[in-house]
Amino acid sequence: MSDEFEPTIIAFLCNWCSYAGADLAGTSRIHYPPNVKIIRVMCSGRVNPLFLMNALQQGADGVLISGCHPGDCHYLEGNYYSRRRFVLMHRLLEHIGVHPNRVHMSWVSASEGEKFKEVVSEVRDKVKEIGPMNQFGRRQINW
Amino acid sequence: MVDQGELRQKAKEVISREDVRRLIGWKRGTYGFEAAPAVIKDPSEADELVFDPTCVQNPASFVTLEEKPPLPRGVEPDLRKVGVFAKGCDSRALIQQMVEQAYERDHIVVIGIPCRGVIDHRKAEKLFGDVTPDLVEISGDKVVIEIGGEKREVAREDVLMAKCLRCRYPNPLISDVLVGGEVEKFADDDFSDVDEFEKKSPAEKWEFWEKEFSKCIRCYSCRNVCPMCYCPECVVTRLKPQWTRRSVDLSENTSYHIERSWHLAGRCIECMECERVCPMDIPIMTLNRKLTRDVKELFSYEPGTDVEASPLLTSYNPQDPEEYIM
């Protein structure tokens, strides 16, 4: 094992597009960085911005939210709401001093296995460049 | 200067109405530079009401605060209206509450008061010490403060709240009864303070917030005083799921402040109550101002200006900006 820092990235993927996209990347034997820990949600509109804050608190170095392309949402409009929310949350975190490259959002459809790989690699590279998240991570409390 | 006689007369007229059950306003405080909030139920009490630049507190916070316990069988709920005094900023809070359907327009009677600024007690105490003024009024671009028979004139910047120095809505945006004449708009807001803060690098920003957030004692005053924070159960104190632990440390304080300001995204009407009540002097508005600026810039949305508007985050536009999406 090398001592090089490898970031932990939490990815919230929507069930209908991005999760299927990641699945396609897997079945097509496309190699993508293993840093990403996937959490499947039913829609990108399900992702509460507090999930993101909580992930960073609990030791994630970067967060990726991914959903269907605008107009393709399984629930018709979920990703539109999500887009509004995260653009604000992203800017708020930036204002607090969280590096803007820690939080990413992307649109990946079910047929874009190759794009999923590219997105994840890009996120990994960007987060790796910033280094570990040690701002407001929770300390281990042993009661 | 609002004529106190006219104010009390109009308050009396409103509270005497058959369909009004109580009236929320201000009365003379017992000490310091702040008037106390007053809730009156009877026309005879109207004589204690006042309005001057010490009436800082936002009465809109009290409209949603009322407890509605279950009633005994056979007792009809009291559905009469609530009268509420409103400065320009307070009226925006009322509008935003109605936008979120906290209550209907019929539920309140707004007594609007055009306002030329209110006193920041921190600034005033720095200048005058721990005293109680006999009279505070704004004349021209000076603030006249009378303490112990001695009149002193100070510049507006030295004693008024920061929100008043950039106030764009000195006149109430909604009112059923208006006390005094409307005043002319005297200031404008260019968000230069937000731009200034944004010039810092992420590390410098975090250094600043780390210091501020570690001061927080989590008294939740900022949440309790906020006219927009009226959920029956707050996400911060919720145990399942528990987003923020109760321990007062940097991690949880940061998450509390992110939650609080995030929940005010597109809702904050900048009454600055949170910052005023903070016992640890945390610059809470710096977060809220950033979101207000972004909401205005990205979505051309201004909370609390239009009763017919739909809340920002429960609506969308297919052409919304996608600035950082891959």
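Protein chains get the first letters and strands the later ones, always in sequence-line order, with residue 1 at the start of each.
Remark: the backbone N or O of A:Ser106 is paired with a side-chain donor or acceptor of A:Ser66 at under 3.5 angstrom. A donor-acceptor contact shorter than 3.5 Å links the side chain of B:Gln97 to the backbone of B:Pro227. A donor-acceptor pair under 3.5 Å links the side-chain atoms of A:Arg84 to the main chain of B:Leu312, judged by distance alone. At distances below 3.5 Å, not a single donor-acceptor pair connects side-chain atoms of A:Glu112 with backbone N or O atoms of A:Gly21. With B:Ser261 contributing its side chain and B:Asn288 its backbone, the two residues share no donor-acceptor pair below 3.5 Å. Checking side-chain atoms of A:Asn15 against main-chain N and O of A:Val41 turns up no donor-acceptor pair under 3.5 Å.
In this structure, B:Tyr256 has its ring center closer than 6.0 angstrom to the ring center of B:Tyr220. For A:Phe51 and B:Trp243, the distance between ring centers is under 6.0 angstrom.
For B:Trp206, the parts lying near chain A are the backbone and the side chain together; criterion is any non-hydrogen pair under 4.5 Å. Contacts between A:Met89 and chain B at a heavy-atom distance below 4.5 Å involve backbone atoms as well as side-chain atoms. In this structure, chain A has heavy atoms under 4.5 Å from both the backbone and the side chain of B:Thr286. Only the side chain of B:Glu297 comes within less than 4.5 Å of a heavy atom in chain A; its backbone stays farther off. Neither the backbone nor the side chain of B:Phe208 comes within contact range of chain A, judged by heavy atoms closer than 4.5 Å. Within the 4.5 angstrom heavy-atom criterion, atoms from both the backbone and the side chain of B:Ser255 approach chain A. Interface remark: B:Pro241 contributes no atoms to any contact with chain A (heavy atom separation under 4.5 Å). At a 4.5 Å heavy-atom cutoff, the contact between B:Leu298 and chain A is made by side-chain atoms alone. Interface remark: B:Glu207 contributes no atoms to any contact with chain A (heavy atom separation under 4.5 Å).
Most heavy-atom pairs under 4.5 Å with chain B, from the set A:Leu50, A:Val119, A:Leu93, A:Asn54: that is A:Leu50. Each of A:Met105, A:Arg91, A:Arg85 has some count of heavy-atom pairs under 4.5 Å with chain B, and the biggest count is that of A:Arg91. Comparing B:Ala265, B:Pro318, B:Pro321, B:Ala203 by how many heavy-atom pairs each has under 4.5 Å with chain A, the most go to B:Pro318. Ranked by heavy-atom pairs under 4.5 Å with chain B, the list A:His99, A:His104, A:His90, A:Glu118 is led by A:His90. Ranked by heavy-atom pairs shorter than 4.5 Å toward chain A, the options B:Glu204, B:Glu198, B:Glu252 are led by B:Glu252.
We find the CG-CZ distance between B:Asn253 and B:Arg245 to be 13.5 Å, quoted to the nearest 0.5 Å.
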